[in-house]
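Working notes, structure below.
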Amino acid sequence: NVLDPIDLIDGIELEALVSKRTSGMMQPHLAEKIEKQTRKNFPAGIPAFGTDALRFTFAAMASTGRDIILSMDRLEGYRNFCNKLWNAARYVLMNTEDHDCGTGKNADIELSAADRWILSRLQETEAQIKDAIETYRFDHMAQSIYEFTWNEYCDWYLELTKPVLMSDQSSDAAKRGTRRTLIQVLETLLRLAHPLMPFITEEIWQKVGPLAGVDKHNRPSTETIMLQPYPVADESLIDPQSVTEIEWVKTFILGVRKIRSSMDIKPGKPLPVLLQNGTEADQLLLRANQSYLESLAKIESIQWLEADQNAPESATALVGEMKLLIPMAGLIDKDAELKRLNKEIEKLEKEIARVEGKLNNENFISKAPETVVEKERAKITEASASLDQLKEQQSKIEKL
């Protein structure tokens, strides 16, 4: 009565699944129980997840020394991961096909900080994967591939290429450098992921490989990704300076986005930014990466304040020791925002009162497991911290 992998790959309707799991059983008296459990666990049957998602799930869950409980949520998550890789490839091909990607021997290229950063992170990922394979930790291998692909290549690097590729101010050499990095990092990533996701990686590689100049690398065959060498880290491409630089850029952008979210400001609205308490290094980083910040954080203007200069009422984020300030006047509807905050504050105060009531109840404290009690205490701590932040925000807006 186990699940058939083919049903996870292709999907199956509920009635067919029930019939399959209760037919030809060695213990027929369990059929009723299995049917009831199947209808409860799979009320709509099983959707199609595809072979690559299933293989990646098995690898990601292959931790040592424990039984594995197959999770439909994990399967769905890794199916989404396959889609993410496919969509990333579409973006890369759209920006590299029929363009000069600088793969020639004497091509004039210029690498941006983002290009050097992603190449550096790729080498570190390759080294992690090598260690994972040698120790048979395929869960660590899957995790490294997932983290690099989703959180670094897709979520950050692809976005960081847009200011270079779409700007008239970027030189041809800079655009060639970014295109080459886009296509070569993707080609390497496909080879890294191929043992776990053979079908989607082969399909994408057939288009990506030639663009990345595979036929010029003296490899054994250009017919299939299966005959390509597995990637090996090149320590000469590890660039700590670019890693530091892009981490600063990411922190800056995330600070602006967090303020947008907390103040309920529309994502596309350009924002004025004030900076205070920055070092000389911060000023250099700003000058070098202003195009990234303006594009990805949707910034209208950036102005430095003197250390003793009074700033207007602003929402604040920190980038290291530097203060990032966004003046609130004119950006929000004061009455509407106060109404929203009052509602949130009231909701949190009720939740805190409810949990405090449970924790003050002797019956609950004496009968509930310690883990449950600790969980309720953690809720109080988290809710109180959120309440303090909302009240601070409320106070700032009232002063506008």
Side-chain angles (χ1 to χ4, degrees), residues 56 59-60 62-64 77-78 81-82 84-85 88-89 91-92 102-103 109-161 164 177-197 200-201 204-205 208-209 212-214 217 219 225 228-254 281 285 288-289 292 296 319-320:
F56 200 91
S63 298
T64 56
Y78 292 130
F81 176 61
C82 292
K84 188 84 168 177
L85 181 59
Y91 170 81
V92 173
T103 54
I109 64 162
E110 179 185 323
L111 297 182
S112 67
D115 296 332
R116 298 194 305 276
W117 166 73
I118 199 66
L119 287 168
S120 182
R121 286 295 301 121
L122 178 63
Q123 310 317 307
E124 292 167 358
T125 301
E126 288 171 1
Q128 290 168 7
I129 290 170
K130 177 178 180 288
D131 291 343
I133 292 173
E134 288 177 349
T135 54
Y136 299 99
R137 290 306 301 267
F138 301 117
D139 53 335
H140 290 175
M141 176 188 182
Q143 183 181 359
S144 294
I145 291 170
Y146 183 94
E147 290 288 332
F148 177 80
T149 305
W150 193 299
N151 297 332
E152 295 181 309
Y153 187 69
C154 293
D155 279 3
W156 281 105
Y157 180 64
L158 296 190
E159 293 302 312
L160 289 166
T161 64
V164 178
T178 293
R179 288 195 196 104
R180 189 178 82 168
T181 307
L182 264 175
I183 198 73
Q184 291 191 344
V185 171
L186 177 59
E187 193 274 335
T188 305
L189 177 56
L190 293 171
R191 285 186 284 129
L192 284 171
H194 181 67
L196 304 184
M197 305 163 66
I200 192 172
T201 51
I204 297 171
W205 188 87
V208 166
V214 166
H217 292 180
R219 296 188 182 170
I225 192 174
Q228 301 309 307
Y230 202 68
V232 176
D234 180 353
E235 291 189 4
S236 69
L237 293 177
I238 294 177
D239 186 343
Q241 182 180 343
S242 69
V243 172
T244 300
E245 189 168 341
I246 296 301
E247 287 304 318
W248 183 90
V249 169
K250 287 164 66 177
T251 304
F252 193 114
I253 292 168
L254 290 172
L285 286 166
N289 297 286
Y292 291 144
L296 273 67
V319 181

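The first residue of the sequence shown is numbered 1, and numbering continues consecutively from there.
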Looking only at heavy atoms, what is the nearest atom pair of [X] and [Y], with distance?
X      : Y      : value
Ala212 : Gln184 : O-NE2, 3.6 Å
Ala132 : His140 : CB-CB, 3.9 Å
Thr125 : Ser144 : CG2-O, 3.8 Å
Tyr292 : Ala113 : OH-N, 4.2 Å

- Task: For the pair Trp150 and Tyr146, name the ring-plane relationship: parallel under 30°, tilted 30 to 60°, perpendicular over 60°.
- Result: parallel
Looking at side-chain heavy atoms only, is the closest gap between [X] and [Y] below 4.5 Å?
X      : Y      : value
Leu285 : Thr244 : no
Trp117 : Lys250 : yes
Arg191 : His194 : no
Ile133 : Tyr230 : yes
Ile200 : Phe81  : no
Leu186 : Tyr153 : yes

Sub-3.5 Å donor-acceptor pair from the side chain of [X] to the main-chain atoms of [Y], do we have one?
X      : Y      : result
Ser120 : Arg116 : no
Tyr157 : Thr149 : no
Arg179 : Gly102 : no
Gln123 : Glu235 : no

- Which is it for Val249 and Leu296 under the side-chain contact (heavy atoms from CB on, under 4.5 Å) test, yes or no, and what are the steps along the way? CA-CA 10 Å; Val249 169; Leu296 273 67; over 6 Å; no
- Step by step, would you call Ile129 with Phe148 a side-chain contact (heavy atoms from CB on, under 4.5 Å)? CA-CA 11 Å; Ile129 290 170; Phe148 177 80; over 6 Å; no
- Under the side-chain contact (heavy atoms from CB on, under 4.5 Å) rule, collect the residues that match up with Ala142, sequence neighbours excluded. Phe56, Ala59, Ala60, Leu196
Could you state the interatomic distance from [atom1] ([X]) to [atom2] ([Y]), rounded to the nearest 0.5 Å?
X      : Y      : atom1 : atom2 : result
Cys154 : Glu159 : SG    : CD    : 10.0 Å
Asp239 : Asp115 : CG    : CG    : 11.0 Å
Leu111 : Thr178 : CG    : OG1   : 7.5 Å
Ile225 : Thr201 : CD1   : OG1   : 4.5 Å
Ser112 : Ile246 : OG    : CD1   : 7.0 Å
Thr161 : Ile118 : OG1   : CD1   : 10.5 Å

- Residues passing the ring pair (Phe, Tyr, Trp, His ring centres under 6.0 Å) test with Phe138, sequence neighbours excluded, are none
- Query: If you count the non-hydrogen atoms of other residues, nucleotides and ligands that lie under 6.0 Å from OH in Tyr136, is the total more than 12?
  - Reply: no
- Query: Hey, is CD on Glu147 packed in by over 12 heavy atoms from elsewhere, all under 6.0 Å?
  - Reply: yes
- Evaluation steps, salt bridge (Lys or Arg N to Asp or Glu O under 4.0 Å), between Asp155 and Lys84: CA-CA 10 Å; Asp155 279 3; Lys84 188 84 168 177; 3.2 Å; yes
- Task: Before giving the answer on side-chain contact (heavy atoms from CB on, under 4.5 Å), spell out for Met197 and Leu85 the whole-Å C-alpha distance, their side-chain angles and the decisive distance to 0.1 Å.
- Result: CA-CA 11 Å; Met197 305 163 66; Leu85 181 59; 4.2 Å; yes
- Task: Report the C-alpha separation of Leu158 and Val92 in whole Å, then their side-chain angles, then the decisive distance to 0.1 Å, and conclude whether the side-chain contact (heavy atoms from CB on, under 4.5 Å) test is met.
- Result: CA-CA 8 Å; Leu158 296 190; Val92 173; 4.2 Å; yes
- Salt bridge Lys130-Glu126, side-chain N to carboxylate O under 4.0 Å: no
